[in-house]
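Order of the sequence lines fixes the chain letters, A, B, ..., with proteins taken first and strands second; residue numbering starts at 1 for each chain. Values reported hereafter were calculated over all heavy atoms of this structure, with side chains retained and with hydrogens, waters and symmetry mates removed. Please read all numbers here as calculations on a predicted model, not as lab measurements.
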Amino acid sequence: MDLTLTPKHRALRDEVDAFIAAHRDAAPRPGGGRKRPDRKALDWQALLLEHGYFARTIPREYGGFGAPHDVIELAIIADAFSRASISPGIHNQGISMLVPTLLEVGTEEQKRRWIGPTIRGEVIWCQGYSEPGSGSDLAAAQTRAAVEDGHFVINGQKIWTSSAHFADMMFLLCRTEPDKAKHAGLSYLLLPMNAPGIEVRPLRTMTGRAEFNETFFTDVRVPVDQIVMGRGDGWHVANVTLKYERMLLGDPNKLQQRLEAIRRMMEQPGADGARLLDRAEWRDRLLRLQGEVIAARNHNMRLLTETAEGVDSGLGRFIVKYHGTMLAHRLASLALDVMGSTGLLYEPQGEVAEDDPATTWQIDYMYDIGLIIGGGSSNIQKNIIGERGLGLPREPKAAVPAGRN
Amino acid sequence: MRFGLTEDQGLFGRSLRGFLADRLPLDTLRRLAESGTGFDAELWRGLGELGLHGLLVPEEHGGAGLGMLDAALAAEALGYHAAPAPFAAALVMAVQAFRSAGDAEQQRQWLPRVAAGQARIGLGFAGLAGQTGRAALRLEGGRLSGALDGLMDGGEATHFLAYLADGRAALIEAGAPGVTATLRRSVDRTRALVDLDLAGAAPVALLQSSNDPLAAARRVRDAGRVMLAADTLGAAQNMLDRAVAYANERMQFGRVIGSFQGVKYMCADMATMLEPCRAMVWYAAYAQDAVPEEAAMVASHAKAHLAEVGREVARLATEVHGGMGFTDLLGLHHQFKRITFDRQALGGPERCRHDAAVAQGWIAA
Ligand SMILES: Cc1cc2nc3c(=O)[nH]c(=O)nc-3n(C[C@H](O)[C@H](O)[C@H](O)COP(=O)(O)OP(=O)(O)OC[C@H]3O[C@@H](n4cnc5c(N)ncnc54)[C@H](O)[C@@H]3O)c2cc1C
């Protein structure tokens, strides 16, 4: 354990603090990964990239800052932004899931082509995994891609596709080898959303907005080199992406930002002039969550160190999504309680404008349940923790009820 | 620049656990727990040979001069095996007390004796940590009178270090005139509590050389809280490991019970709660030595959080074992009770969280 800040680290901390103080008015509100980034968000992203506060360790030739991996540096930066409640940049499916996937298993050409525009926020990606008949049982995907004269020709349907209505690109899990066993028959393709034959139908969610969609494919043609790894490797690649998705969904820096925001609300005098922070029962609720957030952040530092040292964290990593999404929901729950009846006011602004704080918390409170389900539900996480993390036996296969197959 | 254990620390933890596994098979543990004193001379000697007595004592005073993280790893191992051995108070808090408030002469006189395993100091912190019980001591004309309940590591202690409300601490000899020490067996038979009644006892040392005695006392409290958190981490990890092993072997309905999702999810929930606690305890311990501005907050938070997680794991792991978990036969209850003890000693979670709020300036003390 050595977290001593070198003079270089201290200089970085001062530098980030000074940057935030100088530029904070240019920052968009934190969050917002569920909308297309507007001009303000894109400019902010460019500024962060230029200073190396985003994509810090991604090589320069792919559009990153090219700094060597240093856990403390990353922690200093994340901490400065969450202390100041300033947006740490864009976190969406392209940036947080596809980019690390390409870095891990993409070709040189794919990295050069896609990473730069994606981390700048210019190219928005969506994830084509779930289908009406295969959600948790992802490997049962039926969307077909047959090869014809140098192209994959795709037919089928995806569902719950977040951001598809404004995305430029999709990473798609589909069946290219129908003769092979379930998991071995899949491939992972990259395709533009404006390709002829793609139809996106928005689905309204419980928040009242349409955050995800049905996506239909009719003879959609994609050049055969638009594949990550090889034919039949789709399950492997999909799981690389899921690994990063689950780390994203459990991100402790987001938890820290939320905790800070709630603390600030509790420090404001209410109508009776009293602060909730002075009331033991309220304070204890906040403190209890603070303890959990500290544990999550410390755990994250441990995982970052293990990753940097090439150690696979196994169990330590498997718990992150389940742990983080449940904790996020509990934080949003406290925020609603703190706001009380004034927090009931709800006027979502749709795709463009920023929502007011009460509406944002209500959306988070609902959307968090979506995140508990998406990316592999809590139950699926518990299967993984139990089976791959703790070595418990798999569930025996049950017989399919009569009349179904 | 890393967040993790060194190779030496990993090795130290493993070898201590190996030693304890060897020395404390269940029938031995059951026998040692009967007295309820929390002490066994042979085990104590063995731990001394492994360097535990002088772990935190500076090298110049005959110790190993290691840090709080090393001590937390030791506490974790002791908790894992529910070892009836004085540690948190006798070997960590007492050493911290001398180092933070003892003068050079006192340190020179006492620390080598701690490192040699000769001075085993029970420690009474009740009033300052929010422990329940009597905490009314008076120091008049160099004599100590009054009552102090719930001293830790007090069974078979050679000395007692009694904290006064103002943060000064008086070292008194067990068995000296005016000292009545009553051993109270606790629900955790591997650790006792001692109630002290003093009638004009003469301290052999008064630790008062800090210019802010209350702050010095709080640092001792924090060190203790980190140790109890680490102890719970170990005990809970033991219970989880055993629940997983049992779930992999016990058959019902023609399958091992671990293949039932209900059972699997109990295990997954335990792992999900407990796994982040490891890093939390490491950081809390490390912060005591290296991050003074956060030390108090994270110590109290770690103690409180581990108390909550520990309680859940203790219940769930027992439940996974079915009726067997409820028996004495399996001995799982030793760790269960360890966790019960750690929660209340040096202040329960509500009190610890309150202290964390004070430490970060949310409210006045
Ligand atoms: C907000 C949100 C955003 C999403 N975004 C995307 C996206 O961008 N792209 C995309 O491809 N998908 C997306 N999804 C889909 C998501 O991945 C699926 O909803 C999820 O994997 C669950 O699949 P399902 O909806 O078919 O539910 P089901 O698989 O039918 O699950 C229903 C219930 O059964 C439980 N269950 C199923 N199998 C098991 C099992 N083996 N053991 C125990 N319990 C089980 C589940 O835990 C759940 O509680 C999103 C979902 C949400 C809610």
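Considering CG of L287(A) and CE of M297(B), their distance stands at 10.0 Å, rounded to 0.5 Å. Here R283(A) contributes atom CZ and H354(B) contributes atom NE2; the two are 6.5 Å apart, rounded to the nearest 0.5 Å. Distance check: I319(A) CD1 to L274(B) CG gives 9.0 Å after rounding to the nearest 0.5 Å. Between the CG atom in L5(B) and the CE atom in M1(A) there is a gap of 8.0 Å [rounded to 0.5 Å]. Within the model, atoms CZ of R353(B) and CG of L286(A) stand 11.0 Å from one another, a figure rounded to the nearest 0.5 Å. Atoms CG and CG, from N248(B) and L390(A) in turn, are 9.0 Å apart once rounded to the nearest 0.5 Å.
Among the residues in residues 262-269 of chain B, those with a non-hydrogen atom closer than 4.5 angstrom to a non-hydrogen atom of chain A are K264(B), Y265(B), C267(B), A268(B), D269(B). Using a 4.5 Å heavy-atom cut-off against chain A, the contacting residues of residues 298-312 of chain B are H301(B), H305(B), E308(B).
In terms of modelled atom types and a separation under 3.5 Å, the side chain of Y283(B) and the main chain of M301(A) share no donor-acceptor contact.
Nearest heavy-atom pair across V244(B) and L392(A) is O-CD2, 3.8 Å. Contact between L277(A) and I363(B) at its shortest, heavy atoms only, is O-CG2, 3.9 Å. Between D284(A) and E350(B) the shortest heavy-atom distance is OD1-CA, 4.2 Å. Heavy-atom minimum distance, Y286(B) versus L3(A): OH-N, 2.7 Å.
Looking at R263(A), the atoms closer than 4.5 Å to chain B (heavy atoms on both sides) all sit in the side chain, from C-beta outward. Contact of A357(B) with chain A is made through backbone and side chain together, with heavy-atom distances under 4.5 Å. For chain B, the nearby part of R394(A) is the backbone; its heavy atoms alone come within less than 4.5 Å. Within the 4.5 angstrom heavy-atom criterion, no atom of Q381(A) approaches chain B.
Each of V320(A), L304(A), N379(A), N300(A) has some count of heavy-atom pairs under 4.5 Å with chain B, and the biggest count is that of N379(A). In terms of heavy-atom pairs under 4.5 Å with chain B, the best-connected choice from A308(A), G291(A), A75(A), G386(A) is G291(A). Among L303(A), N383(A), I294(A), I384(A), the residue making the largest number of heavy-atom pairs under 4.5 Å with chain B is N383(A). Highest contact tally toward chain B, considering only E292(A), R275(A), E306(A), E267(A), is held by E292(A) [criterion: heavy-atom pairs under 4.5 Å].
Screening H323(A), H299(A), R317(A) for a side-chain contact (heavy atoms from CB on, under 4.5 Å) involving E275(B) leaves a single residue, H299(A).
Residue-environment remark: CD (E293(B)) exceeds the threshold of 12 foreign heavy atoms within 6.0 Å.
Counting heavy atoms from C-beta on, the side chains of R302(A) and W282(B) come closer than 4.5 Å.
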